[in-house]
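The next block holds one structure in the form of C-alpha cells; read it before the comments.
Scope of the values below: all heavy atoms of this structure, side chains included, with no hydrogens, waters or symmetry mates. Since this is a predicted model, take the numbers as computed values, not measurements.
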Amino acid sequence: MLGCRCSFCSVISKHVRHVGFEAFLTFSGYFYIITMSGPCREVVTLQLGHYSNFVGTHWWNLQDASLSYDPEAPPGDTQSDVVFREGQTVGGHVTHTPRLIAMDLKGSLRTLRQEGSLYDPGKDTSAVTWEGSVMVHEESPPARNAFLEDLDKLDRGEILAEADFYSSFQPQRSSVVGVDTVNNQLARVQRGYSLEGSVKVWSDFLRIHLHPRTVSVIHQYNHDGEAQRLEAFGQGEALLQGPVLEELEDRLHFFVEECDYLQGFQLLCDLADGFAGLGSKVTEMLRDSYGGRGILTWGVAPVSHPGSTPMKELYHQLNCVLGTVHLANNSSLFCPLTLRGGLGRRPSSPVAFPHLSHDPSLWYHSSAVLALALDALTLPYRLRNNSVPLWQLADTLAASGRKVVAAYGAVPFPMMHGGSLPDALSAHTDALPWKPLSACSEAGPCYGQWVTLKGFQGQRLISSLAAGAEPATPLHGLHSEEDVLASYIGSFHPTAPLALQLSSAPSKLTPPFPQIFSRSVGTRGFLQSRPPPPGSAPPVVSSAPVLTSLQSGSALGPWLSELHRGASVLDIRRVAPSFLSQGPEAADYQEALEELRLLARCYRDNSGGVMHSSSEEEDDD
C-alpha cells in the first residue's frame, strides 16, 4: 500500500482490494487502521478443559456486563451478536446466550445443570412400568456460595427475562424479589463477594445462562480423584471418535447453521493435560470442515496444578510441547496464555503486575487476569466499527509460517485519574508498560503486532497545550490518540508493522470478578494520586483500562527452542513409557519434535540469523 512491499502490508492490500474494506493508512514505521463495515460476522467459541472454562467463565461474565437491553441507549463499541446468540424462552422472554461449546470432565460442574436452567425441559412424564418396591438414595447437593445463592434469589420461582437477569444486580421490578432482598443484594455487591475460599470449579462464579447445547461432559474421565484422569496427549486424541465426535459435530452444526456470516472460531484449550490432544483433533476437524474460516486458538495453562507430582509435571511438559505443535499446525493462529514463567518443568517466577494484588496459584485469580487481557486481545474482531475478521488478523501476523504469536498486557493500564495518554506513556520510556502473557519475554526484532487500548473513557488522550507552549515530550505535541500510541510503540519497534485499535469503553468488572487490584487503583481502574490510608477499606474497582499486544517476533525463536530442547533431552521411552503407551507412537513423537525445531527456525531477524544462544544453534544444526 502506498508503495510498501512488505508482506504485512501486501496482505492488507489484498484484503482491501478483494473484499472491499474501507482503509485508512498513516505511517509511523508502518501503521495502519482497517475499517470493516457490513453485517455482523459471528464467531463460535469452544472451551476445552477445566482451566479453559475458568478463563472462559470470567471472559463471558465480562461480555455479559457490556450487554445493553435499553433500546434507546446508544450502541456500545462492541457488537455483542458476534459471540452471543439471541433466543426466546417458552414464556416468550428474549435471551442472549453465548455461542459456545464448553467441554469438561465428569464431576466438574457441581451445582450447574448440564442442560442449564434457561430452557427448563420440565419433569419426565413418561409412564413408569416398574410395579415393585423402589428404594431412593438421595445425596445432598453441593453447597452454593453467597454469589450463587443471590443468583438463585433473583431467579426464584420462574426464569426471569434476560433484561432483568443481566442488569448487573440492579433492583428487580418483580413481586418475586422483595425489597429486603434487593437491599441486601446491593449492600453485598457494594462490598464485593469474597469467593476465594469457595470457588472449586468454574460454575461457582458463572453469572450467565448457558444454552442447553453448550455444556458437553466427557464421562470417560474424572475431574477429581486419582483414577481415570485425562492426563496424556494421546488420551485426548483418542477421545474424538464415536459418541464424543458425534455429539461435538451435532453441537457445532447447531451453532454454525444459524450464523449468517460466520467469520470463524475462537478456542480456549488446556495445554498441560489430555485436552491438548483433544484440541489438536478438534482444530483439525474445524480446519477440514470449515475451510476458509479463521481459527484462533488460545492455549491456556495455570501457574500450578493441585496435587502435582514430578511425573505429572513431566506429563504437563510433554503435553505442552505436542499441543503447541499440533494446535499451531491446525489453527490459523496460535497463542499460549499463561502467567507461568515458562512451560517447562522448572519455570521462573509467575508474572508480576505492578498494580495487581493477586494469588497467581489460585485459578480463580489467574484466570481473571487472563480473561481481562483476553477481553482486549479479542476486541479487533468484536468491534461494531473498525472491526477486523479473524482470518485477516491471522493472515497479517502468521506470515512465513509463523503461526505462533505471543501476547503481552498491561493489566490495568497505568494511567492516572485525570491524566493524559502522553503522561502515562512518558512515564515508561525504558520499557513498554506491558508484561508477558505467554511466558515469552519481549526481546529482539518484532515482525508485526496488533495493539489494543481499551477503557480510557473520560480521560484525555492528547495533551492540552496552550498556544505557543513547548510540549514536555514529543508525545505531548501530537494531535491524535493514534499518533500518540503509534509514536510511543514505534520508539521501541521502529520498523515493525503496527496495527492499532482503540475503544473508549472499559471492561466492566461486575460481581463476581475478584477484587485483585492494589490500593493504588481507583474505582474506575485508573491510578490514584493519593491511595486510601492504611487500615481503610480499598475502593471496589468497577472497571479497568487494559493495553494489550498480540505480537510476532524473534523472541519466539528461543522460546520455541527451549520447549524443543526440554523435551529432546528426555529419553521418553525410559522416563515416561506410559505416556507413549496411550499414544502417540514414538515415531509420531519424534516427528512432532522435528516440527517444533523447524518452527523455531522460522523466527529469524531481518538479517537471516536465528536469535538463539550458541547451545541453541548447536541443537538446530
>> side-chain contact (heavy atoms from CB on, under 4.5 Å) for Val44 and Val256? Distances and angles first, verdict last.
In response: CA-CA 7 Å; Val44 175; Val256 168; 4.2 Å; yes
> Could you state the interatomic distance from CG (Asn319) to CG (Leu271), rounded to the nearest 0.5 Å?
Replying inline: 9.0 Å
> Using 4.0 Å as the upper bound for N to carboxylate O, is an ion pair formed by Arg99 and Glu42?
Replying inline: no
> Does the pair Met103 and Val244 meet the rule for a side-chain contact (heavy atoms from CB on, under 4.5 Å), with working shown?
Replying inline: CA-CA 10 Å; Met103 303 185 75; Val244 175; 4.0 Å; yes
>> Would you compute the distance between atom CZ of Phe334 and atom OG1 of Thr297 and round it to the nearest 0.5 angstrom?
In response: 7.5 Å
>> How long is the straight-line distance from NZ of Lys200 back to CG of Leu195, given to the nearest 0.5 Å?
In response: 11.5 Å
> Which pair of heavy atoms, one from Ala537 and one from Pro532, lies closest together, and at what distance?
Replying inline: O-CB, 4.4 Å
> How about His58 and Phe513: are their ring centres within less than 6.0 Å of each other?
Replying inline: yes
>> With side-chain contact (heavy atoms from CB on, under 4.5 Å) as the test, pick out the partner of Leu48 among Ile101, Ile218, Leu267.
In response: Leu267
> Is there a donor-acceptor pair under 3.5 Å between the side chain of Gln459 and the backbone N or O of Met416?
Replying inline: yes
> If only atom types and distance count, is the side chain of Lys454 paired as donor or acceptor with the main-chain N or O of Ala505 below 3.5 Å?
Replying inline: yes
> Looking only at side chains, do Thr378 and Gln266 share a donor and an acceptor under 3.5 Å apart?
Replying inline: no
> With sequence neighbours excluded, what pairs up with Glu442 under the side chain to side chain contact (heavy atoms under 4.5 Å, CB included) test?
Replying inline: Tyr408, Leu432, Trp434, His493, Gln551
> Are any side-chain N or O atoms of Asn53 and backbone N or O atoms of Gly49, one a donor and one an acceptor, separated by less than 3.5 Å?
Replying inline: yes
> What do the steps show when you test Val94 against Glu86 for side-chain contact (heavy atoms from CB on, under 4.5 Å), and what is the final call?
Replying inline: CA-CA 7 Å; Val94 175; Glu86 184 173 310; 3.8 Å; yes
> With no hydrogens and no angle check, is any side-chain donor or acceptor of Ser308 less than 3.5 Å from a backbone partner on His305?
Replying inline: no
> Atom CG of Asp273 and atom CG of Asp270: how far apart are they, to the nearest 0.5 Å?
Replying inline: 4.5 Å
> Would you say the side chain of Glu258 lies within less than 4.5 Å of the side chain of Arg85, judging by non-hydrogen atoms?
Replying inline: yes
>> Among Leu206, Asp204, Leu112, exactly one meets side-chain contact (heavy atoms from CB on, under 4.5 Å) together with Leu148. Which residue is that?
In response: Asp204
> So, the side chain of Arg207 versus the backbone of Thr510: is there a donor-acceptor pair under 3.5 Å, distance only?
Replying inline: no
> Does the side-chain contact (heavy atoms from CB on, under 4.5 Å) test come out yes or no for Leu322 and Ser280, once each step is laid out?
Replying inline: CA-CA 9 Å; Leu322 293 175; Ser280 72; over 6 Å; no
> Any side-chain heavy atom of Val521 within less than 4.5 Å of one from Pro539?
Replying inline: no
> Short question: side chain of Asp250, backbone of Leu245 - any donor-acceptor pair under 3.5 Å?
Replying inline: no
>> Do Leu333 and Ser331 make a side-chain contact, defined as non-hydrogen atoms from C-beta onward lying under 4.5 Å apart?
In response: no
> Distance from Gln582 atom CD to Phe233 atom CZ, nearest 0.5 Å?
Replying inline: 13.0 Å
> Side chains of His316 and Glu231: donor-acceptor distance under 3.5 Å anywhere?
Replying inline: no
> Would you say Thr78's side chain and Ser80's backbone share a donor-acceptor pair under 3.5 angstrom?
Replying inline: no
>> Using every non-hydrogen atom in the two residues, find where Leu286 and Leu46 come nearest and quote the distance to one decimal.
In response: CD1-CD1, 4.3 Å
> Can you tell me how far the OG atom of Ser216 sits from the CD atom of Glu247, to the nearest 0.5 Å?
Replying inline: 3.5 Å
> Mind checking what makes side chain to side chain contact (heavy atoms under 4.5 Å, CB included) contact with Ser108, not counting sequence neighbours?
Replying inline: His50, Asp104, His223
>> Do Arg524 and His417 make a side-chain contact, defined as non-hydrogen atoms from C-beta onward lying under 4.5 Å apart?
In response: yes
>> Could you report the tightest heavy-atom contact between Pro545 and Gly525, atom names first, then the distance?
In response: CD-O, 3.5 Å
>> I'd like to know if the side chain of Ser52 pairs up with that of Gln47 as donor and acceptor (distance under 3.5 Å, no hydrogens or angles considered).
In response: no
> For Leu230 and Gly236, which heavy atoms make the closest approach, and how far apart are they?
Replying inline: CD1-N, 3.8 Å
> Any donor and acceptor pair, going by atom type alone, linking the side chain of Arg251 with main-chain N or O of Val215 inside 3.5 Å?
Replying inline: yes
>> Please tell me whether Thr95 and Thr97 have a donor and an acceptor in their side chains that are separated by less than 3.5 angstrom.
In response: no
> Considering all heavy atoms of both residues, which atom of Pro538 and which atom of Arg519 are nearest to each other, and what is their separation?
Replying inline: CD-NH1, 3.8 Å
> Does a side-chain N-to-carboxylate-O contact under 4.0 Å join Arg382 and Asp375?
Replying inline: yes
>> Please evaluate residues His365 and Glu196 with respect to the criterion side-chain hydrogen bond (donor to acceptor under 3.5 Å, both in side chains), reporting the C-alpha separation (whole Å), side-chain torsions for both, the decisive distance (0.1 Å), and the verdict.
In response: CA-CA 8 Å; His365 279 188; Glu196 282 74 8; 2.9 Å; yes
> With Tyr51, which of Trp298, Tyr364, Trp363, Phe275 fulfils ring pair (Phe, Tyr, Trp, His ring centres under 6.0 Å)?
Replying inline: Trp363
> With side chains defined as the heavy atoms from C-beta onward, is the minimum distance between Val55 and Ser366 less than 4.5 Å?
Replying inline: no
>> Counting C-beta onward and ignoring hydrogens, is there a side-chain heavy-atom pair between Val540 and Thr523 closer than 4.5 Å?
In response: no
> How close do Ala227 and Asn222 get, heavy atom to heavy atom, and via which atoms?
Replying inline: O-ND2, 3.2 Å
> Is any NZ, NE, NH1 or NH2 atom of the basic residue among Asp77 and Arg384 found under 4.0 Å from an Asp or Glu carboxylate oxygen of the other?
Replying inline: no
>> Any non-hydrogen side-chain atom of Leu268 less than 4.5 Å from a side-chain atom of Trp59?
In response: no
>> Taking the ring of Tyr315 and the ring of Phe579, is the distance between their centroids below 6.0 Å?
In response: yes
>> Tell me whether the NZ or CZ atom of Arg213 lies within the 45° cone about the ring axis of Phe254 and under 6.0 Å from its centre.
In response: yes
> Leu372 versus Leu62: any side-chain heavy-atom pair under 4.5 Å?
Replying inline: yes
> Are Phe526 and Phe413 near enough that their ring centres are under 6.0 Å apart?
Replying inline: no
